[in-house]
Asks: 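My questions will all concern the structure given below.
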Amino acid sequence: MPEVYDVIIIGGGPAGLTASLYTARARYRTLVLERLAPGGQVATTAHVENYPGFPQGMNGVDLSLRMLEQAERFGAEVMYDEIERVELGGPVKVIHGLGGTYEARAVIVASGASPRRLGVTGEEKFVGAGVSYCATCDGALYGGKRVVVVGGADSAVEEASFLTRFAAQVTIVHRRDQLRATPIIVERALANPKIQIMYDTVLEAIYGERAVTSVAVRNVKSNATETIAADGVFVYIGLVPNTGFLRDSLPMDQSGYVLASEHDLSTALAGVFVAGDVRPKSFRQVATAVGDGALAANSVEKYLSGVTKHE
Ligand code: NAP
């Protein structure tokens with residue numbers, strides 16, 4: 001029989017690690033289940049400069065490891081497993097992973113979100129051979145090369161600037177005539193001589209033999225198409241929630257984000273809460289994920305101590 005934890009937190013990003021810090025510090029037996037490495041998306045971010053307390057900014061991996069260290073210091077356990085399915089309806093929640101089964105009296109779903117795929121010809125074929133969703137991970141492979149970044153919001157424009165540390169030329173391909181990213185991020189990109197921007201343009205195919213050599217783009221206003229030489233394609237076109245393992249166990253919105261009360265992050269099921277990018281929210285930041293983690297942990301504490309009763 002597996003040990004029954006007080007709370008299991010699915011996901012070890014900023015939301016999950018913050019929740020675990022709070023519940024462990026409140027002396028609840030806390031297990032964090034993480035599929036890969038601590039930090040989630042922030043661990044794939046080169047430089048986080050809008051998280052308070054680090055005036056010079058902080059490397060995303062280092063920030064993640066600090067959060068992990070702090071949670072473990074108060075007794076949170078962290079295990080690495082990929083969750084396949086869950087049974088959340090009863091008083092004891094059962095979590096099935098590839099490596100084992102885990103049980104707890106309360107659960108916080110903090111499984112985050114993953115990069116959305118473009119869905120164009122060549123994308124799947126060249127993942128790891130020129131197509132990437134993580135400039136921090138793969139950018140250094142493109143020293144002196146030409147890369148294309150797809151997208152026009154914070155991630156695309158910020159990571160395009162980061163890629164200029166290595167690449168000779170970075171071309172942002174954006175489907176509209178205006179970037180959506182935060183002004184300070186846009187200002188830096190516009191001032192960078194290595195960055196050029198193709199507005200009103202969509203990327204339609206990725207070509208190469210063993211690795212990427214070019215991409216096909218189309219101007220959506222003129223319909224003109226062209227093939228441009230490229231050694232790498234970095235895709236930053238938004239996120240999809242990591243909720244496949246939940247299947248039909250919790251109510252979700254049309255995009256698969258888990259619905260929860262804004263007041264206490266409770267879901268439709270007693271003892272089940274959500275935190276971070278896995279829920280619908282208007283502003284996805286490390287700071288807002290951390291806030292979610294603290295709130296969900298507080299709600300778990302109230303639930304476990306019997307202060308709140310589920311209606
Ligand atoms: P996002 O904000 O959802 O933006 C997605 C971008 O991709 C938009 O520019 C969108 O175009 C474009 N796009 C979407 N689908 C597309 C498609 N099929 N083909 C071509 N382009 C497509 O995604 P994100 O930049 O990954 O950011 C995710 C969240 O993290 C956001 O909340 C963001 O603010 C946050 N974030 C914050 C920071 C920071 O604060 N420094 C850094 C990174 C990320 P349109 O503009 O035309 O819609």
Side-chain angles (χ1 to χ4, degrees), residues 3-35 38-42 64 67-68 70-72 74-83 85-97 101-113 241-246 249-252 256-281 284 286 288-308 310:
E3 170 183 6
V4 179
Y5 285 86
D6 291 320
V7 54
I8 287 179
I9 296 158
I10 303 175
L17 289 176
T18 303
S20 74
L21 158 67
Y22 275 74
T23 56
R25 194 164 172 275
R27 297 284 175 256
Y28 286 109
R29 293 267 298 138
T30 300
L31 173 65
V32 178
L33 292 168
E34 164 57 45
R35 77 174 158 178
Q41 290 173 78
V42 76
S64 307
M67 290 183 183
L68 174 70
Q70 196 171 358
E72 288 184 326
F74 289 105
E77 284 179 48
V78 180
M79 290 189 199
Y80 295 90
D81 199 353
E82 170 108 33
I83 306 310
R85 79 191 161 83
V86 291
E87 298 167 61
L88 301 177
V92 174
K93 323 294 178 193
V94 187
I95 317 281
H96 301 275
T101 297
Y102 314 89
E103 294 186 356
R105 296 194 290 139
V107 165
I108 298 174
V109 178
S111 47
N242 298 324
T243 48
F245 66 93
L246 293 171
S249 56
L250 283 172
M252 298 177 197
Y257 290 95
V258 181
L259 296 170
S261 152
E262 289 286 333
H263 170 66
D264 63 1
L265 301 184
S266 60
T267 67
L269 295 180
V272 181
F273 303 83
V274 292
D277 281 0
V278 74
R279 74 183 187 94
K281 57 198 297 192
R284 293 194 156 81
V286 180
T288 61
V290 162
D292 271 16
L295 178 57
N298 183 255
S299 300
V300 163
E301 289 168 30
K302 287 179 179 161
Y303 171 77
L304 289 175
S305 63
V307 174
T308 43
H310 204 75

Asks: Is Asp292 reaching over with its side chain to a backbone N or O of Gly276, donor-acceptor style, under 3.5 angstrom?
Replies: yes

Asks: So Val286 and Met67, side-chain contact (heavy atoms from CB on, under 4.5 Å) or not? Walk me through it.
Replies: CA-CA 11 Å; Val286 180; Met67 290 183 183; 3.9 Å; yes

Asks: Can you give me the closest heavy-atom contact between Tyr303 and Ala106, atom names plus distance?
Replies: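 Here Tyr303 and Ala106 meet closest at CD2-CB, 4.2 Å.
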
Asks: Say whether, by atom type as modelled, one donor and one acceptor occur between the side chain of Ser261 and the main chain of Asp264 under 3.5 angstrom.
Replies: yes

Asks: Going by atom type alone, with no hydrogens or angles, which donor-acceptor pairs under 3.5 Å involve a side-chain atom of residues 88-97 and a protein atom two or more places apart or on another chain?
Replies:
residue, atom, partner, partner atom, Å
Lys93, NZ, Leu88, O, 3.1
Lys93, NZ, Gly90, O, 2.6
Lys93, NZ, Ala270, O, 2.7
His96, ND1, Thr101, OG1, 3.4
His96, NE2, Glu87, OE2, 2.5

Asks: Can you see which heavy atom on Val86 is nearest to which on Ser249, and at what distance?
Replies: CG2-OG, 3.6 Å

Asks: Ignoring hydrogens, what is the shortest heavy-atom contact between Val42 and Pro14? Give both atom names and the distance.
Replies: CG1-CG, 3.8 Å

Asks: Atom CG of Asp277 and atom CZ of Arg279: how far apart are they, to the nearest 0.5 Å?
Replies: 9.5 Å

Asks: Between Ser111 and Asn242 (side chain of the first, backbone of the second, donor and acceptor by atom type, cut-off under 3.5 Å), is there such a pair?
Replies: yes

Asks: Could you report the tightest heavy-atom contact between Ala76 and Ala24, atom names first, then the distance?
Replies: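 Ala76 and Ala24 have their closest heavy atoms at N-CB, 3.6 Å.
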
Asks: Quick one: pull up CZ in Phe74 and CG in Leu21 and give me the separation to the nearest 0.5 Å.
Replies: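 Taking CZ in Phe74 and CG in Leu21, the distance rounds to 6.0 Å.
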
Asks: Under the side chain to side chain donor-acceptor pair (under 3.5 Å) definition, can you give me all pairs with a residue in residues 5-27, not counting sequence neighbours?
Replies: Tyr5-Glu77, Asp6-Arg105, Thr23-Thr30

Asks: How many angstroms lie between atom CG of Leu33 and atom CZ of Phe245, to the nearest 0.5 angstrom?
Replies: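 Rounded to the nearest 0.5 Å, the CG-CZ separation comes to 9.5 Å.
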
Asks: Kindly give the heavy-atom pair with the smallest separation between Val274 and Ala260, and that separation in Å.
Replies: CG2-CB, 3.2 Å

Asks: Would you say that Thr243 contacts Met252 through its side chain, given a criterion of any heavy-atom pair below 4.5 Å between the two side chains?
Replies: yes

Asks: Working to the nearest 0.5 Å, report the span between NE2 of His263 and OG of Ser299.
Replies: 7.5 Å

Asks: Please report the C-alpha distance between Tyr80 and Glu34 in whole Å, then the side-chain angles of each, then the deciding distance to 0.1 Å, and finally whether the side-chain contact (heavy atoms from CB on, under 4.5 Å) criterion is met.
Replies: CA-CA 5 Å; Tyr80 295 90; Glu34 164 57 45; 3.7 Å; yes

Asks: As a quick check of understanding, evaluate side-chain contact (heavy atoms from CB on, under 4.5 Å) for Ile9 and Leu31, giving each step before the final call.
Replies: CA-CA 6 Å; Ile9 296 158; Leu31 173 65; over 6 Å; no

Asks: What do the steps show when you test Phe273 against Thr267 for side-chain contact (heavy atoms from CB on, under 4.5 Å), and what is the final call?
Replies: CA-CA 5 Å; Phe273 303 83; Thr267 67; 5.6 Å; no

Asks: State, yes or no, whether a side-chain contact exists between Leu259 and Pro280 at a heavy-atom distance under 4.5 Å.
Replies: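 Yes, their side chains come closer than 4.5 Å.
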
Asks: May I ask you to check whether Asp81 and Tyr102 show a side-chain donor-acceptor distance below 3.5 Å?
Replies: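 Tyr102 and Asp81 do have a side-chain donor-acceptor pair below 3.5 Å.
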
Asks: I need the Gln70 CD to Leu68 CG distance, nearest 0.5 Å.
Replies: 10.5 Å

Asks: What are the two closest heavy atoms between Ala296 and Leu265, and how far apart are they?
Replies: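 Between these two residues, the closest heavy atoms are N-CD1, 4.0 Å.
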
Asks: Do Leu250 and Val272 touch side chain to side chain, with heavy atoms closer than 4.5 Å?
Replies: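 Of all side-chain heavy-atom pairs linking Val272 with Leu250, at least one is under 4.5 Å.
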
